[in-house]
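Here is the structure we will look at.
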Amino acid sequence: MAVSLVCVECGREHEPSGIWRCEGCSGMLEVRISEVEISREELDARLSYGNTHYSSGVWRYKELIHPLIEEKMIVSRHEGNTGLYTHSRVSEFSGIKELYMKHEGENPTGSFKDRGMTVGISEAVRLGSRYVGCASTGNTSSSLASYASVAGISSVVFVPSGKIALGKLSQTLAYGAKAIQINGNFDDAMRLVQEAAERLGIYLLNSINPWRIEGQKAMAFELIQQLGWESPDWICLPAGNLGNTSAVGKALSELVGLGLIEDMPRIAAVQADGASPFYNMWKNGYSEIRPVEPHTLATAISIGNPVSWKKAMKSIKDTNGVVERVTDQEILDAKAVIDSSGIGCEPASAASLAGAKRLRSANIIKEGESVACILTGSMLKDPEITLNYHMSRLDGIDARHMNAPIAVEADIDKIVEVFGKNAKELPLDKGEVTPLEIL
Ligand code: F0G
């Protein structure tokens, strides 16, 4: 088995050392693993291996992700193994009968970032790094802070001041990262952290680091394994800095290459309207990304100058994929439907469902096609927006699925009055439908 870091610009190969840019042309690197063989049966057998590193939904696929690493260096929190759900209300909302939700918010720090971070931090341990860092809209920083502290490594995060959700900032601080609040947006933080990493010898763990992408591939591996190695027709995912789109495309190409799946799913990368440079590039056929000033209530994907656009465009091409954009209103409508189905997610995650709905309406997703939406983060990440939505306090947003609390005096007659009917008189509206199905 050979492992190298290959430049996606000039093709130069490097030994897997602590670099994240090509030493020749400064291009982005990707991990290349050759001569791997693994079967569906072996991967299925590992599902019952109990408390070993194979019980992680990332390290179960170790040969496909980081074959070099010794087991004792793996820093894992049993990430992955996230639920796959269907719900009749969500299907009805989107117009897609076979719609799955893969809930990556069920990861240990509440987002899909843990999949890339377990690999990134394990690599930092392998390299003997003392300090790790990233720029973040909040989820990467929470994940980095947690895994670094588990490993006993110091961490620093650069976050855009006032533009990260409360749950994420509090997690990041509590896990012990040094938090640097930049008076600017994510793109400013991303630029500065790269300079700081070079100058200060910090191991950079944004998804510009190719090992992060390797870990994130596991989301697609696990999704397809849960579906009994059957590909869905589509995988819809929210797109910001574009690491995830890059990772899922790489994972799918590898699955096809290894003969683990027959059919290539199509990726739909969904951006927020106010932060959609990748959509603009794809739609207009630009040869390079044209940065924008980002504005969206979905703060996780409020990114105007995504670093991984080149790799992500390859993912779209390789999977015959599409790029879509949705408004904040559409995102919050979709979120309210996911939330009230008992599943819940953070705003950015709901862009996947909003995008799927739009693509179904435009008949790009065809009648009868199956769709897996990736819910990238937990509902508890951004409690403020959820509350403000249900109190109808968001400017420019129509709270169509509002569920405000009702203030009632501490008096049983008043409560009966507010409640109205006796519950026993209510019709059984669920009928024979099982609304939530867990796969
Ligand atoms: N969904 C959530 C919840 C995210 O936190 C992010 C990115 C994305 C989707 C988009 O993924 O960047 O790979 O295209 N969050 C990063 C962060 C930027 O810093 O936590 P992407």
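Just the heavy atoms: all of them, side chains too, but no hydrogens, waters or symmetry mates, feed the values below. Note that the structure is predicted; figures quoted are calculated from it, not measured. Just follow the structure's listing: the first ligand is 1, and inside any ligand the first atom is 1.
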Does [Y] offer a backbone N or O that forms a donor-acceptor pair with the side chain of [X] under 3.5 Å?
{"X": "Glu222", "Y": "Thr82", "value": "yes"}
{"X": "Ser392", "Y": "Ala399", "value": "no"}
{"X": "Asn206", "Y": "Ile208", "value": "no"}
{"X": "Glu324", "Y": "Gly355", "value": "no"}
{"X": "Gln171", "Y": "Thr109", "value": "yes"}
{"X": "Gln216", "Y": "Ser246", "value": "no"}

At a non-hydrogen distance cut-off of under 4.0 Å, which region of Lys381 contacts ligand 1 (side chain, backbone, both, or neither)? neither

Of the side chain and backbone of Gln216, name the one, both, or neither that has a heavy atom under 4.0 Å from an atom of ligand 1. neither

Judging by distance only, is a nitrogen or oxygen of [X] under 3.5 angstrom from one on ligand 1?
{"X": "Lys168", "value": "no"}
{"X": "Ser136", "value": "yes"}
{"X": "Phe186", "value": "no"}
{"X": "Glu346", "value": "no"}

May I ask you to check if Lys357 and Phe93 form a cation-pi contact, with NZ or CZ under 6.0 angstrom from the six-membered ring centre and within 45° of the axis? yes

Just which atoms of ligand 1 are under 4.0 Å from any heavy atom in [X]?
{"X": "Thr137", "answer": "15 (N), 16 (C), 17 (C), 18 (C), 19 (O), 20 (O)"}
{"X": "Gly243", "answer": "13 (O), 14 (O), 21 (P)"}
{"X": "Thr140", "answer": "16 (C), 17 (C), 19 (O), 20 (O)"}
{"X": "Ile301", "answer": "8 (C), 9 (C), 10 (C)"}
{"X": "Leu242", "answer": "12 (O), 13 (O), 14 (O), 21 (P)"}
{"X": "Asn139", "answer": "2 (C), 3 (C), 4 (C), 5 (O), 20 (O)"}
{"X": "Asn241", "answer": "12 (O), 14 (O), 21 (P)"}

Interatomic distance, CZ@Phe186 vs CG@Asn305, rounded to 0.5 Å, equals 9.5 Å

When you measure from [atom] to every protein heavy atom, which one gives the shortest distance, and what is it?
{"atom": "atom 13 (O) of ligand 1", "value": "Asn244 N, 2.8 Å"}
{"atom": "atom 7 (C) of ligand 1", "value": "Lys113 NZ, 3.1 Å"}
{"atom": "atom 2 (C) of ligand 1", "value": "Thr376 OG1, 3.4 Å"}
{"atom": "atom 11 (O) of ligand 1", "value": "Phe112 CZ, 3.6 Å"}

Residue pair [X] / [Y], side-chain donor-acceptor N/O under 3.5 Å:
{"X": "Thr137", "Y": "Lys168", "answer": "no"}
{"X": "Glu254", "Y": "Tyr61", "answer": "no"}
{"X": "Glu104", "Y": "Thr376", "answer": "no"}

Between Lys97 and Glu367 (salt bridge meaning N to carboxylate O under 4.0 Å), is one present in this structure? yes

Under a heavy-atom criterion of less than 4.0 Å, does [X] contact ligand 1?
{"X": "Pro238", "value": "yes"}
{"X": "Ile303", "value": "yes"}
{"X": "Thr245", "value": "no"}
{"X": "Ala239", "value": "yes"}

Just one of Ile316, Val270, Thr319, Val323 clears the side-chain contact (heavy atoms from CB on, under 4.5 Å) bar with Thr245, so which one? Ile316

